[in-house]
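Note that the structure is a prediction, hence the values are computed from the model and not measured. Both counts, for ligands and for their atoms, begin at 1 and track the order of listing.
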Amino acid sequence: MSKMYRKRISFITTITTLSLLFFLLMLYLTFLAGCQGGQPTSAGEGILVIRGDAVEGEVCLTLDELKSMEDGLIEDDYFSVNSYGTKEYFHFKGIWIWHVLQEKTDLKDNASKVTFIAEDGYTVEYTLEEVKREDYIDEQNPATKYKMILAWEENGKEYDPDEGNPFQLVVGQKEPGDENKPYWVRNVKTIRID
Ligand SMILES: Nc1nc2c(c(=O)[nH]1)N[C@H]1C(S)=C(S)[C@@H](COP(=O)(O)O)O[C@H]1N2
Ligand SMILES: [Mo]
């Protein structure tokens, strides 16, 4: 083998190795940039992560991004009953969750289960059909119909990001007598779709 030929081979090997390393680095950066592991990018900012076997990739949304999705915004008085039978109304500002999933995620055909996971580990599971429903009720007020929302403001006050991820799952009752308050997941961090 000529010296020149060997030099050429070694040059090609070096270039190939460098390209491969560069490709791996880009892959790594792309993955990092995707969601930063769900950690807020700066103090005082809320981030929602949407992932799961039935979602393409991983989607991260900031509070500002959610607020800018005007077509899905909802402001309403929601009725709640807790497990002690306490009945109460709360005024919420937030966004229809099904709207967010439609606009921001690429769902696979087999998507069926939606799990809301809070910072403290509290978890509530729904079917995708339940997330899509637009006819949750208030047993005391048959005229009202509710959607399932992710709220960032309660009774005129935004949630303090220092007290946890500033999102709360809020939903009406499935039927009269339904104790719906336990399903209001505070500090939602992740929505899993499987
Ligand atoms: N993140 C989180 N959300 C939660 C819970 C919880 O333990 N952690 N408890 C649930 C239950 S059982 C009830 S009755 C209501 C109570 O809400 P409150 O503490 O605001 O009255 O929150 C629900 N959401
Ligand atoms: Mo509860």
Problem - Residue pairs fulfilling salt bridge (Lys or Arg N to Asp or Glu O under 4.0 Å) with at least one residue in residues 62-82, sequence neighbours excluded - result: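 Every pair satisfying salt bridge (Lys or Arg N to Asp or Glu O under 4.0 Å) with a residue in residues 62-82: Lys67-Glu158.
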Handout entry: Within the 4.0 Å heavy-atom sphere of ligand 1, strictly under, residues
Key =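 Residues near ligand 1: Ala118, Asp120, Tyr122, Lys181, Pro182, Trp184, Val185, Arg186.
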Handout entry: Glu153-Tyr159 side chain donor-acceptor pair, cut-off 3.5 Å
Key =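 There is no such pair between these side chains.
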Problem - Donor-acceptor pair between Tyr183 and Gln173 side chains, under 3.5 angstrom - result: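 On atom types as modelled, these side chains do not qualify, holding no pair under 3.5 Å.
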Practice task
Would you indicate whether the side-chain heavy atoms of Asp178 and Val81 approach each other to under 4.5 Å?
Solution key: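 No, side chains not in contact.
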Exercise for the section: Report the residue from Trp152, Trp184, Phe79 that forms a ring pair (Phe, Tyr, Trp, His ring centres under 6.0 Å) with Phe92. Expected result: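 Answer to the ring pair (Phe, Tyr, Trp, His ring centres under 6.0 Å) test with Phe92 among Trp152, Trp184, Phe79: Trp184.
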Handout entry: Aromatic centroids of Tyr78 and Tyr89 separated by under 6.0 Å
Key =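 No; Tyr78 has its ring centre 6.0 Å or more from that of Tyr89.
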